[in-house]
Amino acid sequence: MAEATLSGATHPILENDYASEWMGIEVLKLDDGHATIRMTLRQEMLNGFGMAHGGMIFAFGDTAFALACNPASTPAGTAGADGDTITVASGVDINFLKPAFTGQVITAVANRRAHAGRSGLYDVQIYAADPHTAVGTNTGTNTGTNTGTAAGTAADSANDETPGELIAEFRGRSRTISKK
């Protein structure tokens, strides 16, 4: 069930993630502390106003957050390499900026902002684009000039196209815990 990235890699946390499978999430890119995913909004994902249900946008952002928090593979000798720990959300805030509608392609770009011990801080930007509009190639990767702010992300990706219009900002706080 694990979805393949464009490069062919899969992420183990998607193997039994039936919610992400139902949503049709496609993994575009995975790096340490980073994930880019996308999906197409369907009619059953809309609220009574005919726009994307906030819970769908939240769940989509949460999946990007989880992928960024949990590396697809952990180098031997590092914490979590033996599979005894997982990283989960300890808290999340989301700000909905604009609505999204059926048929639009939404893209989430998640990046680690800080990491200390078992705690982390991640920002996820969620964009929407019409399917006939060329969706940009911005995957939010860090070019080394990151200022640690959302503005820094934009500056880091200045040479990339934005994958649509920003519709939500998601900030996640993570905690690494024992699997048991």
Side-chain angles (χ1 to χ4, degrees), residues 2-7 9-14 17 19-20 23 25-39 52 54 56-75 78-80 85-98 100 104-129 135-177:
E3 292 292 321
T5 63
L6 294 181
S7 64
T10 60
H11 199 294
I13 67 172
L14 293 176
D17 186 340
S20 292
M23 290 191 300
I25 291 175
E26 177 185 10
V27 178
L28 301 179
K29 184 169 184 180
L30 294 172
D31 284 319
D32 182 35
H34 171 82
T36 301
I37 62 175
R38 75 174 166 209
M39 74 175 190
M56 290 292 140
I57 302 299
F58 182 92
F60 181 65
D62 189 51
T63 298
F65 173 43
L67 291 170
C69 289
N70 291 281
S73 61
T74 308
T78 61
T85 62
I86 56 173
T87 302
V88 298
S90 63
V92 174
D93 297 300
I94 189 165
N95 292 294
F96 300 103
L97 304 171
K98 293 185 174 213
Q104 285 189 307
V105 176
I106 61 174
T107 303
V109 180
N111 286 296
R112 181 186 307 128
R113 293 290 169 237
H115 186 259
R118 296 186 305 146
S119 299
L121 185 64
Y122 294 77
D123 284 337
V124 182
Q125 288 77 40
I126 303 170
Y127 302 90
V135 176
T137 58
N138 178 353
T139 57
T141 54
N142 187 346
T143 59
T145 59
N146 192 319
T147 62
T149 65
T153 302
D156 290 342
S157 304
N159 294 330
D160 293 333
E161 246 181 84
T162 301
E165 187 172 17
L166 184 66
I167 62 165
E169 287 269 353
F170 178 112
R171 171 151 283 189
R173 296 170 302 282
S174 70
R175 187 76 171 164
T176 300
I177 61 171

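None of the values given here were measured: they were computed from a predicted structure.
Here the CZ atom belonging to Phe96 is positioned 7.5 Å from the CD1 atom belonging to Ile126, to the nearest 0.5 angstrom. Atom CE of Met23 sits about 7.0 Å away from atom CG of Asp17, to the nearest 0.5 Å. Atom NE2 of residue His11 and atom CD1 of residue Ile37 lie 11.0 Å apart, to the nearest 0.5 angstrom. In this structure, CD in Glu169 is found 6.5 Å from CG in Leu97, a value given to the nearest 0.5 Å.
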Show every donor-acceptor pair shorter than 3.5 Å between a side-chain atom in residues 59-66 and any protein atom, with sequence neighbours excluded, or say none if there are none.
| unit_1 | atom_1 | unit_2 | atom_2 | d |
| --- | --- | --- | --- | --- |
| Thr63 | OG1 | Ser20 | OG | 3.2 |
| Thr63 | OG1 | Ala59 | O | 3.1 |

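Annotation for Ala68 and Arg112: closest pair O-NH2, 4.4 Å, computed over non-hydrogen atoms. The two residues Val92 and Arg173 come nearest to each other via the heavy atoms N-NH2, 3.3 Å. The heavy-atom pair separating Ala128 from Ala100 by the smallest distance is CB-CB, 4.0 Å. The minimum heavy-atom distance linking Leu67 with Val27 is given by the pair CD1-CG2, 4.1 Å. Between Ser174 and Tyr122, the shortest heavy-atom contact is OG-CE1, 3.4 Å.
His34 contributes no side-chain N or O that, together with a main-chain N or O of Lys29, makes up a donor-acceptor pair within less than 3.5 Å. In this structure, the side chain of Thr87 does not engage the main chain of Asn70 through any donor-acceptor pair within 3.5 Å. Asp93 places no side-chain N or O within 3.5 Å of a backbone atom of Arg171 that could act as its donor or acceptor partner.
In this structure, Ile106 and Met39 have side chains that are in contact, with non-hydrogen atoms separated by less than 4.5 Å.
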From CA spacing to verdict: side chain to side chain contact (heavy atoms under 4.5 Å, CB included), Thr36, Val109: CA-CA 5 Å; Thr36 301; Val109 180; 4.1 Å; yes

